[in-house]
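Computed from a predicted model, the values in this text were never measured in an experiment.
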Amino acid sequence: MYFCKNLIIMYGGGYLHDPNASKQQQQQDDPVLLADFEAKIDTGEKIEPQDWMPYEYRRQLIRMIEQHAHSEIIGALPEGTWITRAPGFKRKLALIAKVQDEIGHAQLLYSAAETLGKPREVMMNDLISGKSKYSNVFNYPAKTWADVTVIGFLIDAAAIVNQLANAKGSYGPYSRALVRICAEESFHLKQGYEGFVYLATGSSTQMAMLQDALNRWWQPIVHFFGPPDKVSVHTEKLMRWKVKMATNDDMRNQFFSQYIPKIWDLGLTLPDPNLSKNEATGEWTFSDPDWSEFYRVIKGDGPCNKERLAVRQWAEVSGRWVRNALYKMNEKYVTPLA
Ligand code: BYC
């Protein structure tokens, strides 16, 4: 707790933890300041950490960037468990590099979230206690090597669709971090696609293994873009403030258009008999992907939630001495890494 308090002081902001937060909020919701802020956003100017911003903009950004950062470190786990079993030296090397990149993405993102006043130690505690969310997809097991290729190809592809859009967003440190992340993700996508095509064009056993993995991952991937727009809680506000640059349904549709043809071209099928594209509108029709499963998983009751958080808990306790050794008492502010 003492360590935590020091970190709040160290990171300067401490905004979310201020006992006078509601007073600040009133002051921050000043209509003149708000109008200036929104005008800035309308002209496409970036908002930087030292700029005035509405309380709700800060709160939403922290929520979203923090969830994204957690998704990167938890997302490294299903693939990480395959490093020792990757088929062949070249694939092992590529997988090690990819997993390392994902952790690097988390570093960029935690640092972007810290600029908004939430200390990293608090974010980590919120992850481990189950208070903060992370992407639904990482609560499923990677049972075979084919699962790793599905993650590397389709989850990275889905992430790129989302991140390329949001890289044009209004908050400077987040949008710049996303630009750097997308550059690396595009290598991950090539690596994933190569492994995916290799299995799809290999023996009938390899093809069957890939088809089985695809069948299991399809629904979580459809969920990845978030609930349908008509029930999405945050989209409207986030779009108005240009944090989110496309809606959940638009991103899902874009992903379908870009990647379903590539899957079908390889002779694979998808476990949805209603999947079809209206060529005139570009809109895809698909079956209801069981949104009750999505909500169950993101609330902590997916197949691997407990296992994932247990690994983080272990890493947290085992690595504490390193963080204590690196802790700099006199460092006052976080400098964004991007
Ligand atoms: N998973 O109002 P909505 C990677 C939650 S990692 C879990 O539509 P929003 C990689 C949402 O948080 C890249 N929860 O939300 C790493 C909200 O709950 P709260 C991961 C989800 O924010 C390693 C509620 O549902 N990418 O690529 O407008 C290896 C209502 O939703 C999900 C990101 O994190 C979900 N899928 O839109 C390989 C992208 N979807 O907070 C690859 C950053 C929704 O009110 N995030 N929820 O309790 C975003 O772009 C947006 O937050 C979302 C959701 C599009 C995901």
Side-chain angles (χ1 to χ4, degrees), residues 65-114 120-121 123-124 127-128 132 134-135 137-164 166-167 173-174 176-196 198 217 224 304 307-323 325-326 334-338:
I65 304 173
E66 178 182 357
Q67 285 180 11
H68 190 166
H70 294 331
S71 303
E72 300 282 356
I73 52 168
I74 298 279
L77 300 178
E79 288 176 290
T81 57
W82 275 91
I83 288 174
T84 54
R85 295 171 287 165
F89 186 61
K90 258 171 64 181
R91 293 203 192 285
K92 260 194 221 326
L93 273 183
L95 192 58
I96 291 172
K98 182 192 192 252
V99 167
Q100 185 175 300
D101 281 354
E102 306 298 359
I103 303 301
H105 298 170
Q107 282 282 23
L108 288 169
L109 294 162
Y110 282 123
S111 118
E114 282 174 313
R120 189 176 299 217
E121 188 86 355
M123 289 190 259
M124 233 15 114
L127 169 65
I128 290 168
S132 287
Y134 56 88
S135 185
V137 281
F138 302 119
N139 290 306
Y140 293 86
K143 290 185 179 171
T144 69
W145 174 249
D147 293 53
V148 177
T149 72
V150 171
I151 296 172
F153 175 33
L154 294 174
I155 294 186
D156 280 273
I160 290 176
V161 168
N162 168 287
Q163 289 162 187
L164 274 180
N166 294 342
Y174 188 40
R176 288 189 291 271
L178 290 180
V179 170
R180 287 178 59 173
I181 291 171
C182 283
E184 291 185 352
E185 294 289 16
S186 58
F187 282 106
H188 301 171
L189 178 65
K190 284 192 201 321
Q191 179 244 2
Y193 187 54
E194 193 272 335
F196 191 90
Y198 188 87
W217 281 93
F224 176 88
C304 296
E307 181 187 326
R308 300 283 183 249
L309 292 188
V311 175
R312 282 312 317 166
Q313 172 80 47
W314 172 84
E316 191 59 20
V317 172
S318 315
R320 186 162 293 145
W321 69 273
V322 180
R323 290 193 307 282
L326 291 173
V334 164
T335 313
L337 290 171

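- Residues passing the salt bridge (charged side-chain N to carboxylate O under 4.0 Å, His left out) test with Arg176, sequence neighbours excluded: Glu48.
- For Glu79, the salt bridge (charged side-chain N to carboxylate O under 4.0 Å, His left out) partners are Lys98, not counting sequence neighbours.
- Every residue two or more places apart in sequence or in another chain was checked for a salt bridge (charged side-chain N to carboxylate O under 4.0 Å, His left out) with Glu184, and none qualifies.
- Residues satisfying the side chain to side chain contact (heavy atoms under 4.5 Å, CB included) test with Ile103, not counting sequence neighbours, are Ile73, Ala76.
- With sequence neighbours excluded, no residue forms a side chain to side chain donor-acceptor pair (under 3.5 Å) with Trp145.
- The salt bridge (charged side-chain N to carboxylate O under 4.0 Å, His left out) test applied to Glu185 returns no partner, not counting sequence neighbours.
- Under the side chain to side chain contact (heavy atoms under 4.5 Å, CB included) criterion, Ser71 pairs with Tyr134, Ser135, Phe138, not counting sequence neighbours.
- By the side chain to side chain donor-acceptor pair (under 3.5 Å) test, Arg91 pairs with Glu194, sequence neighbours left out.
- Not counting sequence neighbours, the partners of Gln107 by the side chain to side chain donor-acceptor pair (under 3.5 Å) test are Arg120.
- Take Gln163 and apply the side chain to side chain donor-acceptor pair (under 3.5 Å) test, not counting sequence neighbours, and it matches His68.
- For Phe196, the ring-ring contact (aromatic ring centres under 6.0 Å, His included) test picks out Phe153, with sequence neighbours left out.
- Residues meeting the side chain to side chain contact (heavy atoms under 4.5 Å, CB included) test with Gln313, sequence neighbours left out: Ile128, Val317.
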